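Here is the structure we will look at, set down as structure tokens.
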Amino acid sequence: MLLSSFKETFLQNFLSISTWQSLLAIVLFFGLMGGFWYGLRQIKIKFVYRIFIGISIGLIFGIAIQAIIGFPGGSWFSHDGQSAWALVDGNWIDISKYYIKSGNDYVIISTIVNKPEAAQLIQGQIFMPDASAVEGYKVAFVGSVVAEKSIKSGIDWIIEFNTWASMLRQIFINGILLITIPVVFIAIFRVVAKPGSKGLGRISGKAVAILLINVAIAFTITFWIGYVLKIGKGLNFDQQIPGGSGRTDSKALPEIIWGYIPSNFVATLSATAIIPVIVLAALVGYATTFVRKKHPDSMDNLMNFMDRAWDIVMSILMTFMKIMPLAVMAMLTTSITTRAIGALASIGLILGVGYLGLIIMLGVMTLILFLSGINVKAWWKNAWRPFVQAFSTQSSNATLPVTMDTLSNGMKIKDKVTSIVAPLSTSLGLVACAGVQAGLITSVLYTGSETVASVNIFAFFILGLFTTIVASIGIAGVPGTATVVTSAVLNGIGFGAFFAPVYAIFGAIDGLFDMGRTATNVTGGIFAATLVAKDELLFEEGTELISEKKLTALIENKEKKENLKKASKDKKKTNK
């Protein structure tokens, strides 16, 4: 009894090492990580190669562990401890509010899936409650729960290994998130409060337009690919039980807009939402320009303080970037070992089409940059760093400091563009989490439901496109947006009743799909910032994105047009 208590309270709950398998896996993983770190200190190689080595080691280690436990989850999965889904007669069903009947006992399924016995294959036939059922119970399955021994015996040490392997990953992400809000606030303030700053509204407007157009292009491409390939065929959404435990709330456009206006100074800076911080920093910076007229010396001191604060947060960023190769290794490993990979077998085509949409959008953005006169090779030479970090962290917010550093110091885009466009792109007009994801959702629904397919395809497409563009204004750059996007889009087009069966599909692939989505989102923000900088000619000296000769010619041409415009206005005033 004492030994059992010691194992549960100390080894399992505190130390999180209660089996020899978990101890062996943890020792091997951190031994490999230590060897990797020692090698990096001894051999001087480029940062990009360090990252790719970390990705490769994490990928191999994660797949090896999945192979040891037999790639579980072929006919069930649970998502975030919130819901349980099972594949029954070829259909994915939300079973978290149902009970298993075994003899005279009723056991709630959500209780089972939140325990180590979660890795179980549930078999049987669905039927509604009858006279023998306890009042209020929904009996989902009759009989027993059959568990695979290899999964049941392996789940404990996998959980413990993931806890330890996630440590460095979480340290890195927490460190980056620590400085995200200060980076956004200081960057916006410095730009707005700087004497003589003009054109900020024009820059913001152009950025928003580019981001929303990106969303529309991504939705269109993904929707029609999904429609042509009939990726929802065989899912039979009409036969599945509507409802479920996911979030089905959606906001009207006016609510989204007023939600961007801060109502509490301190709460705004302590939250994770980016756009309210942008608004707050712009208000403070704008007010500073007026106070400067009465107290110029004090405002100069404030600006100097903000400049030094910027240097400090950038120094903190570089400190955490040093451990990024190790963090990426941990991220890739845990991304694989925390998911029931086998559950993806029946919906692999949907995931494949999703990644195809992402790849096409990356190609489209690259082509547009090339046609705009940007040196694409030099652009990608800098863009890969935030791309890789976004892929690993699955968070646009966590990647924001690196994105801004890349735009300012790597691509030599002026702070006036970087400080506005980069933060905006984490919460508005996400090309992948909104455009590609929504295109995938609507094409799956249309080809997987006879009811929905009765609607004219072009009318359905236009409605979905408009809904997606509006919804993209309020989708945050944080992990796990499948719930929000599925809810917003389905409710927006009038098919909210299909939330549960559709979310069953996208909840299963969300973790693996989110890596590619986030990387594409961040790339879309860098793309928008580059186009705005090109249109406004706001590049620093020494940029590789455009030749010095061409940039000089464009600036001279712009100044000539502005002078002609000004002369024309002066002439009209004289004639009056």
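This one's a predicted model, so the numbers in the text were calculated from it and none came from an experiment. The figures here come from the full heavy-atom set of this structure, side chains too, leaving out hydrogens, waters and symmetry mates.
Between atom CG of residue N304 and atom CE of residue M299 there is a gap of 11.5 Å, rounded to the nearest 0.5 Å. The CG atom of L362 sits 4.5 Å away from the OG1 atom of T520 when rounded to the nearest 0.5 Å. Here the OG atom belonging to S396 is positioned 11.0 Å from the CD atom belonging to Q389, to the nearest 0.5 angstrom. Of the inter-residue distances, the one linking T406 atom OG1 with I526 atom CD1 reads 6.0 Å to the nearest 0.5 angstrom. Taking CD1 of I203 as the start and NZ of K206 as the end, the distance is 8.0 Å to the nearest 0.5 Å. Distance check, rounded to the nearest 0.5 Å: OG of S298 to CG of L302 gives 9.0 Å.
For the pair I546 and G373, the tightest heavy-atom approach, listed with the atom from each and the gap, is CG1-O, 4.4 Å. The nearest pair of heavy atoms linking A438 to V489 is CB-CG2, 3.8 Å. Closest of all the heavy-atom pairs between M365 and F527 is O-CE1, 3.4 Å. Residues S372 and L531 approach most closely at OG-CD2, 3.6 Å, considering heavy atoms.
For E548, the CD atom is loosely surrounded, since the number of other residues' heavy atoms within 6.0 Å does not exceed 12.
By the 30° and 60° cut-offs, the orientation of the rings of F161 relative to F61 is parallel. Using cut-offs of 30° and 60° for the angle between ring planes, the F189 and F185 rings count as parallel.
The shortest side-chain heavy-atom distance between M361 and L358 does not fall under the 4.5 Å cut-off. The shortest side-chain heavy-atom distance between Q437 and R517 falls under the 4.5 Å cut-off. Taking 4.5 Å as the limit, every side-chain heavy atom of W379 sits out of range of all side-chain heavy atoms of E544. Counting heavy atoms from C-beta on, the side chains of F29 and W164 never come closer than 4.5 Å. Residues W384 and I51 are in side-chain contact: their nearest non-hydrogen atoms beyond the backbone lie under 4.5 Å apart.
A donor-acceptor pair under 3.5 Å links the side-chain atoms of T543 to the main chain of L545, judged by distance alone.
Salt-bridge formation is not detected for the pair K416/E536: no Lys NZ or Arg NE/NH1/NH2 atom is positioned less than 4.0 Å from an Asp or Glu carboxylate oxygen.
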Inset, instruction - Let me see the working for S408 and D415 under side chain to side chain donor-acceptor pair (under 3.5 Å), right down to the final yes or no. - result: CA-CA 6 Å; S408 296; D415 288 342; 3.3 Å; yes
Inset, instruction - Please step through side-chain contact (heavy atoms from CB on, under 4.5 Å) for the pair T468 and V215, ending with a clear verdict. - result: CA-CA 8 Å; T468 299; V215 169; 3.8 Å; yes
